[in-house]
Amino acid sequence: MRALPHIIRKEFRQISRNKVMLPLLFLMPILQLMVLSYAADFEVKNVNLVVVDLDKSSTSQRLITKFTASDYFTLVGSFESTALAMQEIEKENADLILCIPKDMAQDLDKLMPVNVQLLLNAVNNQKAAIASNYSLQIIHAWNTDRFKDMTLPPGVLPLTVDIRDSYWYNSQLNYKTFMVPGILAILVTMLTAFLSSINIIREREMGTIEQLNVSPITKFEFILGKIIPFWIIGMLVMSFGLVVAYLLFGITVSGSLFTLYAFLAVYLVAILGIGILISTVTETQQQAMFITWFCIVIFLLLSGLFTPVDSIPEWAKILNLFNPIKYFVEVMRMIMLKGSSFMDIRHHFLVMVGFAIVYNVMAIRSYSKTSG
Amino acid sequence: MKEKVITSNKLSRKFGDFVAVDEVTFEVSKGEIFGFLGANGAGKTTAMRMLCGLLAPSSGSATVAGYDVSTQPEMVKKNIGYMSQKFSMYEDLTVKENFLFYGGVYGLKRKAIIERLSMMLGLLNLSHVMNSLVGSLPLGWKQKLSFSLAMLHQPGIIFLDEPTGGVDPITRRQFWDLIYEAAYDGITIFVTTHYMDEAEYCDRVSIMVDGSIKALDSPENLRKTYNAASMDGVFQELARGTSTK
């Protein structure tokens with residue numbers, strides 16, 4: 001183990017000499033948190049609304065006002081026919097058409113059923129679904145208001161079921177609160193995976209690995225000497241990211257920091273093991289980058305960061321059992337938002353210990369000081 | 001008869017169907033400067049990498065410093081110095097940092113490394129580059145530093161793979177002074193080159209053509225045998241011999 005401190009010192013010296021890497025290590029957490037948290041926001045605002053009001057009554061006017069008074073809709077035009085309004089959708093000027101039928105107010109007063117039509121541009125189906133949902137809520141609210149103002153004939157009861165939701169762990173359903181822990185997880189993963197996967201390859205391309213292979217250094221020392229520096233960097237970047245998350249978004253860790261770091265410590269060893277493994281089986285930095293990128297994208301899409309993973313098909317669920325990022329994103333959210341204790345994440349922890357051992361044993365085995 | 005520190009017995013290496021080294025047999029005595037000559041692609045580097053424990057032989061056997069290269073490559077590595085054809089110091093570290101790192105890997109103490117480095121740089125007239133980034137130095141200096149690095153842990157045997165490739169004649173001459181000094185101290189030198197004038201400086205040379213050793217003797221005897229005025233003539237003779245075969 002006498003060579004170990006020398007390898008670690010050497011790695012840190014090289015990182016500190018790298019004019020691009022060092023600033024990036026600290027800029028990345030800030031930029032990624034800001035960009036991803038704001039941009040990867042699924043809240044739908046600024047839905048462009050076009051109205052076709054054939055009724056032109058005070059009742060229909062109240063409905064339109066109800067729409068425009070919300071933060072989500074912007075009234076961009078009124079037309080006399082649905083066909084004309086459709087042109088606005090074709091021109092991408094409008095997302096939603098609200099069609100109010102002729103004589104709506106009269107029919108309502110007669111307690112006859114009335115059909116209000118919503119036409120949605122579903123090119124972006126997610127946005128359309130959310131806009132439709134908002135619209136239904138607004139129409140429902142408008143209806144409820146209407147009943148209140150009405151003097152109902154005896155025997156007719158107004159529809160007054162009022163459902164109120166209470167959201168736990170993220171009470172305001174703040175999208176950023178949900179995204180930030182996941183983004184921190186991705187950030188630390190990408191950084192350490194790329195750094196480690198390129199590292200040994202770089203020594204090979206530079207020719208320096210030959211000099212190490214001809215020295216009495218052991219494989220174990222060598223791999224460990226490569227893992228420790230990046231492990232420390234991963235820990236630092238996560239700490240920095242947590243501070244940035246607090247300063248920018250006021251997000252704090254509800255659970256124990258110790259549990260979070262304990263998991264992170266094992267997780268980083270696993271991810272670095274994968275990186276080093278890639279580094280030992282590839283021949284050029286380009287190959288290593290490609291494979292790392294490929295793995296990260298697949299792991300990322302299945303991680304549940306952007307989409308819920310409970311609804312993925314069975315085969316993908318099985319694949320996901322081997323996805324370290326999925327475990328980490330879950331654990332980050334559990335600890336940061338829900339305040340889960342070590343006992344709650346013990347299953348995740350054990351799986352990660354397994355990954356760490358398997359990947360690193362594979363990495364040490366696949367690295368050979370003597371080529372066959 | 002002097003102690004044999006390198007022995008090679010029918011050492012061979014195949015890459016697929018291609019035989020890079022074909023049943024090479026030779027011995028090197030302690031303190032000898034052994035030249036390993038051959039054209040590009042003759043198999044010199046492959047043979048040397050096998051002797052250093054960097055490449056597993058396909059068949060045959062070899063011992064270096066008394067250890068078998070196939071079964072005890074890590075023991076071989078403890079006893080040799082190696083300067084690869086490709087420059088292998090970290091360009092983004094200073095000379096001192098490179099030596100501290102490699103010295104540390106060999107288990108040398110910091111103080112001992114600095115002392116030895118200062119001494120070696122003094123001999124090379126390169127004391128002023130101690131704290132320079134390696135990447136900023138000219139090639140000739142880098143080669144001398146690589147040689148010093150290979151000698152840092154005072155190995156009994158040193159392998160030099162084309163140490164003077166791309167280096168000017170004056171630096172080459174200085175380089176051979178370093179080699180002579182090392183040999184004088186009892187270090188065995190195993191050196192590959194394709195400069196035939198350098199072959200004259202060796203105690204014995206082997207000439208490799210297409211993976212096998214075609215001649216092995218002292219430069220003087222080789223010149224007599226092949227009736228040539230210089231090693232260059234010997235080499236031409238051997239190379240032509242195979243090309244017309």
Side-chain angles (χ1 to χ4, degrees), chain A residues 1-25 195 198-226 228-229 280 283-285 364-372, chain B residues 13 15 45-46 48-58 64 69-94 96-110 113 133-135 146 149-150 152-153 155 158-159 161:
Chain A
M1 279 300 157
R2 61 190 182 184
L4 191 57
H6 297 279
I7 307 174
I8 296 169
R9 195 172 304 145
K10 184 215 90 179
E11 294 298 333
F12 272 117
R13 276 201 176 116
Q14 286 187 299
I15 294 163
S16 71
R17 292 273 149 80
N18 197 320
K19 295 279 183 294
V20 179
M21 200 68 89
L22 204 60
L24 205 63
L25 287 179
L195 283 177
I198 297 172
N199 189 279
I200 294 180
I201 286 292
R202 190 158 162 265
E203 295 236 17
R204 192 170 297 153
E205 286 190 344
M206 299 292 286
T208 46
I209 201 142
E210 192 94 327
Q211 206 65 49
L212 280 174
N213 284 345
V214 84
S215 78
I217 199 168
T218 64
K219 285 192 333 182
F220 185 66
E221 278 177 320
F222 180 73
I223 300 288
L224 207 58
K226 291 291 179 190
I228 292 172
T280 57
E283 274 148 23
T284 62
Q285 292 196 40
I364 292 174
R365 287 175 71 102
S366 85
Y367 171 63
S368 171
K369 287 181 70 191
T370 306
S371 36
Chain B
R13 174 69 206 200
F15 296 103
T45 299
T46 308
M48 181 179 268
R49 284 169 54 81
M50 284 194 279
L51 293 174
C52 293
L54 285 172
L55 184 68
S58 305
V64 171
V69 297
S70 313
T71 56
Q72 303 163 291
E74 295 306 307
M75 288 307 294
V76 169
K77 288 171 189 176
K78 282 200 171 111
N79 290 282
I80 60 166
Y82 171 67
M83 176 179 167
S84 87
Q85 193 174 351
K86 199 171 173 193
F87 182 68
S88 57
M89 284 168 81
Y90 294 95
E91 306 248 345
D92 49 359
L93 297 182
T94 67
K96 186 171 153 186
E97 286 163 352
N98 266 288
F99 276 73
L100 283 174
F101 169 62
Y102 282 115
V105 165
Y106 281 94
L108 303 182
K109 292 270 174 295
R110 185 186 167 89
I113 298 168
L133 284 183
V134 167
S146 291
L149 189 63
L152 179 64
H153 59 287
I158 183 158
F159 289 87
D161 195 2

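Letters go in sequence order (proteins before strands), and every chain restarts at 1.
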Please determine, among C52(B), G53(B), A150(B), the option with the most heavy-atom pairs under 4.5 Å with chain A. G53(B)
L195(A) vs I15(A) side-chain heavy atoms within contact, under 4.5 Å: no
Contact winner vs chain A - G107(B), S84(B), P73(B), G103(B), heavy-atom pairs under 4.5 Å: G107(B)
Below 4.5 Å from any heavy atom of chain B, which atoms of R17(A) appear? Answer side chain, backbone, both or neither. side chain
Whether K226(A) and E11(A) form a salt bridge (side-chain N of Lys/Arg under 4.0 Å from carboxylate O of Asp/Glu) is what I want to check. yes
Carboxylate-amine/guanidinium contact E205(A) R202(A), below 4.0 Å: no
Need one label for E221(A): side chain, backbone, both or neither, based on atoms under 4.5 Å from any heavy atom in chain B. neither
Check: M83(B) main-chain N/O paired with S88(B) side-chain donor or acceptor under 3.5 Å: no
Checked S368(A), P5(A), G207(A) vs chain B; the most non-hydrogen pairs under 4.5 Å come from G207(A)
Please state whether the side chain, the backbone, both or neither of I209(A) comes within less than 4.5 Å of a heavy atom of chain B. neither
When the 4.5 angstrom heavy-atom criterion is applied to M75(B) and chain A, the contacting part is neither
Determine the interplanar angle of the Y90(B) and Y102(B) rings, folded into 0 to 90°, and report it as parallel if under 30°, tilted if 30 to 60°, perpendicular if over 60°. parallel
Side chain, backbone, both or neither: which part of S70(B) has a heavy atom under 4.5 Å from chain A? neither
With side chains defined as the heavy atoms from C-beta onward, is the minimum distance between L55(B) and T46(B) less than 4.5 Å? yes
